[in-house]
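Everything below concerns the one structure shown next.
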Amino acid sequence: MFSTKRQVLAGCMALAGVLGIFAALAAEAQAMTIEEEAAYLVSQMTLEEKIGVLTGDGRYVPGFVKNTGDGGKGMILEDMRSQVILPRLPRLRTTAMSDGPAGLNREARKDDQEDFQYTTAFPSATCQAATWNMDLVKEIGDAFGNEIREYGYELILAPGVNLHRNPNDGRVWEYYSEDPLLSGKSAAAMVQGMQSHGIGATLKHFAAHNQQANRHHYNPIISQRALRELYLRSYEIAVREGHPKCIMTSYNRLNGFYTDENVELLQVLTRQEWGFDGFYITDFDGKGSAVGKVRGGINLLMSGSQEEYDELLFAIQNKVLDEKLFDERLSKYLEFKLSCPYAQGESITANPDLEAHAALARRTAAEGVVLLKNDNDCLPLKDTQTVALFGKTAYSLIPYGTGSGEVRSHKRSLSMHDGFKEAGFKLVEGMEKDYLDYVEKIKRENLVPDYFNNPKMRQDNGIVGDQSPPHFRGRLVAFSRERALSREEVEDYASRSDVGIVCFGRSSGENYENGYLPITAIERELLETVSDVYHSAGKKVVVVLNVSGVWETASWRDLTDAILLAWLPGQEGGGAIADVLTGAVNPSGKLPDTLPLKYEDLPSAPYYPGTPKEEPINSFYNEGIYVGYRYFNSFDVPVAYEFGFGLSYTSFEYSNLEADKDVFDGSIAFSVTVTNTGDRAGKEIVQLYVTAPMDALEKPEQELRAFAKTGLLQPGESETLRFELAGRDLASFWSGISAWVADSGTYVAAAGASSKDIRLSRSFTVAEDIIVEKAHDILFPDYLMDELSRRK
Ligand code: BGC
C-alpha cells in the first residue's frame, strides 16, 4: 500500500512541456477567467478523458503514460514539473503534490546522489502547538511553503487538524492538541503561511479520524453537539481563518456514512455554513463507491483505480450519475490547477534557504519544549558541569513519526549528544561510543523491535522469525529495546559526571495503534539505577522525553529532579533540547494536552477504539463533549500535569484583568498585564478560560476561549495582552434547535497560566439568551448513545 501511494504521489511530479510554450499559453489563457478556462477545458474533453482526470489526476486517461523519468516506476523527477495530460490541451497537467505535515516528504538521498535537494524536517504539529505562538507556526508554514514552491510542488497534503482524543492513535504527532481552539488556530496559521506562496494547503483527515484501528472503515458515533463543539470546530476555525484550498476526507465513516460520500458534511456544513471554496480530495485508496464520492462532493479521487474509472463511466452512461454534476466537480479541481504558480508561467528555482529554515526549526523546537518539573532549580545546567547522557535516543534522535508524514529528505537529525557537543558542553568520555555501538548492533542484527511483540502487528507486517520487515528497517532504533546497564556501569559514568540525563524515546505512526507505549521494564530499571547512584552522590537527575505525544509520567517522576518534554522535535531537535537544558533558551512551551495519571483515567479509555476491540466497527464517543481538560476539570479527576501547564526558569505575575464592559453586547474585550518577576528573560502564555452558566444546557467547567503569548520579557518588564470575545466564543451548540446559543446569566472569564493555575478572574453577564448563529440539522447519529453528563 505504501509503495503504491508513493508511486502515485511521485507520478504526479512528472515532467511537463517546454517552459516557453507554457508562458505563451498562459498569456493566451489570460483572456479567460480561471473559472471560464476550467469550464472550457472540461468542455473540450471526452467523457473518458474527464473521468480519467478526476480519477487519480490523469492516471486513467486513455493512452496517458506517466513520464516518471525512471522507466515508469514513479520516482520523483529532478525538476519537479508536473506533466501534460492531453497534448491537445497542454494547460491540463498533473498536480505536483506531496505529503506533510512536518516537512516536505520526499525520497531519501541515495549514497551516490549528487546535488540532492534537501528539505527541512520541522517539529511535529504537537510540538508546534506547544509553543502556543501562532506567529511562529505561521513562520513555519511560510518556510515550508517556500520549500514546496521552490521545488515545484503545487499541493501539500497537510496540515492535519483532528483532535487528540486518545494517545494510542499513531497519528497524534501529526495533529495539534486536545483542544479545538488551539488546534484550529494552529492549522489556520500554518495554512496562511504555506499558501502565501501561491500553492495549496490541505486540511486532513476530514473528519473525526481519531484512531488507526480499522482506519479504513470504523464508524465513530458522535453526538451533534460534540461534533460541532469539538471534532468539527477545529476544522471550522481552520477553514474560516486559514482559507485552505483543499480538504482531504478521511477513510472512516461518521455516524454511519463514509465521510467522502457525505453531502451534509462536504456541502451543507463546509460550503454553505463555513464558506469553503476549495476542492475536496479523498484520502488515498479510501473505500466507499466512486459514484457516492462524486455525488458527495469529491473533486479528485486519489489514488484512483481502474475500478473507480469503470464505475464512473458506467454510472454516467446509464444516467445514474449526472454528467453535469460530474463536470462541476471536475471544473472546481481544474480551477485549482490553473491558479497554481507554475500554470501561471512561473519557473522553478529549487533554491530554498535551508539554513534559515533549519534555524527556524531549532527555534520552534526549543520554544515547544515543555518543562514539567524543575526541583530546586536543577536546570539550567551550569557550563562547568560534566554531563552523562543515558538512553539510546540521546544518540539517535527521533525527529518525526512514521508513515506518510515522514520527511526523509532532510540533511541531518541532530542528536542531543551532538547538540551538547556543538554547544561546547563537557560530556562523559567514551559514553558516546558505547551507545553508538549499541545503536549499530540494533541495525546490524536487524532484530524485530520490542514494539512488534504483538501478534497482530507481526501478522500485518509479515514477520515470521526474528527479522524486521524491510519497510521498518530505518526505524529500528526508535522502536527497539533500551540498552540495559549494570549498576557498575552506571557508577562508572556517574563517577565521571556531575549530572545524569536520561532520554526516553517513542515514535508512533500511521496505520498503527502505537501512540502510547508506556515505560518498559528496562527503561524503569535504568532510571531507578541512575536515580539511586546519582542521588546517593548528591548529584541531580534529569529526564528528557523525545516522544510523539501524551506519555505516562506519574509512576516514575519522583525518581528525577527535572523533566523536559521535547516531543518529536524535527531535524534540529538535539540542538533545541541542549538550548533549553543549558539555558540558552528559557522554556516557554505549555501542554497542548492533559497528561493523565494513568491511561485508564482518559475519558475515551472505556470506549476506545470501539467494538469489537480487535477490528472495531462502531466506535461510540460516549465521553461526548468531555474531552481532555473539559473532562478532568469538570469531574475533578486528578492528573499528572494539566492542560496548559509548563514551567519557566523565571516567574510571572498577572495583574489588572480588565474588561471593556460588564454586560456582553455582541463582543467583550479583556486585557491583563504580565510582569516578569524573576531574574531571566522569558515568555509567558496567558490562557483565557470561560465558565458559562449551567442553568439551561450543561457545560464543561471551563473552556479555552482565547490565548496569547508575550514577547521576550526582560526581568522586571511588563506587557499587556488583549483578548476579544465574540458571540461564538461564549456559545454552546443546542442540538434540539441546531443553533449556537450564548445562554443568559453570569459568566466568569479567567486568566490562567494553565487550566488549573488561574491567576485572575472576573465576571460579566449576558442579559438574555442569544442565538448567535443558526446551523443546519445535519450529521445526526442514528444510534442509541449513552453520553457522559455532569447531571446524571
Ligand atoms: C494518508 C494521508 C496521505 C496519503 C498520501 C494516506 O494513507 O492517510 O495522510 O496524505 O496517504 O500519502
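The figures that follow rest on heavy atoms only: side chains count, while hydrogens, waters and symmetry mates do not. Read the numbers this way: they start at 1 and go in the same order the structure lists the ligands and their atoms.
- Shown here are the side chain to side chain contact (heavy atoms under 4.5 Å, CB included) partners of Pro592, two or more places apart in sequence or in another chain: Thr126, Ala129, Ala130, Ser177, Leu182, Trp567.
- Residue Phe284 approaches ligand 1 through these ligand atoms, each under 4.0 Å from one of its heavy atoms: 4 (C), 5 (C), 11 (O).
- In this structure, Tyr607 has its ring center no closer than 6.0 Å to that of Phe620.
- Heavy atoms of Met302 come nearer than 4.0 angstrom to ligand 1 in no pair at all.
- Side chains of Asp142 and His197: a donor on one and an acceptor on the other come within 3.5 Å.
- Looking only at atom types and distance, the side chain of Asn105 has no donor-acceptor partner in the side chain of Ser98 under 3.5 Å away.
- With 3.5 Å as the limit, one finds no donor-acceptor pair spanning the side chains of Asn252 and Arg215.
- When each atom of ligand 1 is checked for a heavy atom of Arg171 under 4.0 Å away, the hits are 1 (C), 2 (C), 8 (O), 9 (O).
- Against a heavy-atom cut-off of under 4.0 Å, Met248 is close to the following atoms of ligand 1: 10 (O).
- The distance from ligand 1 to the heavy atoms of Lys204 drops below 4.0 Å at these ligand atoms: 2 (C), 3 (C), 9 (O), 10 (O).
- Between the side chains of Asn162 and Tyr175, at least one donor-acceptor pair of N or O atoms lies under 3.5 Å.
- Every atom of ligand 1 with a heavy atom of Arg215 under 4.0 Å away is listed here by number and element: 7 (O), 8 (O).
- Short contacts between ligand 1 and Leu157, defined as distances under 4.0 Å to a heavy atom of the residue, involve ligand atoms 10 (O).
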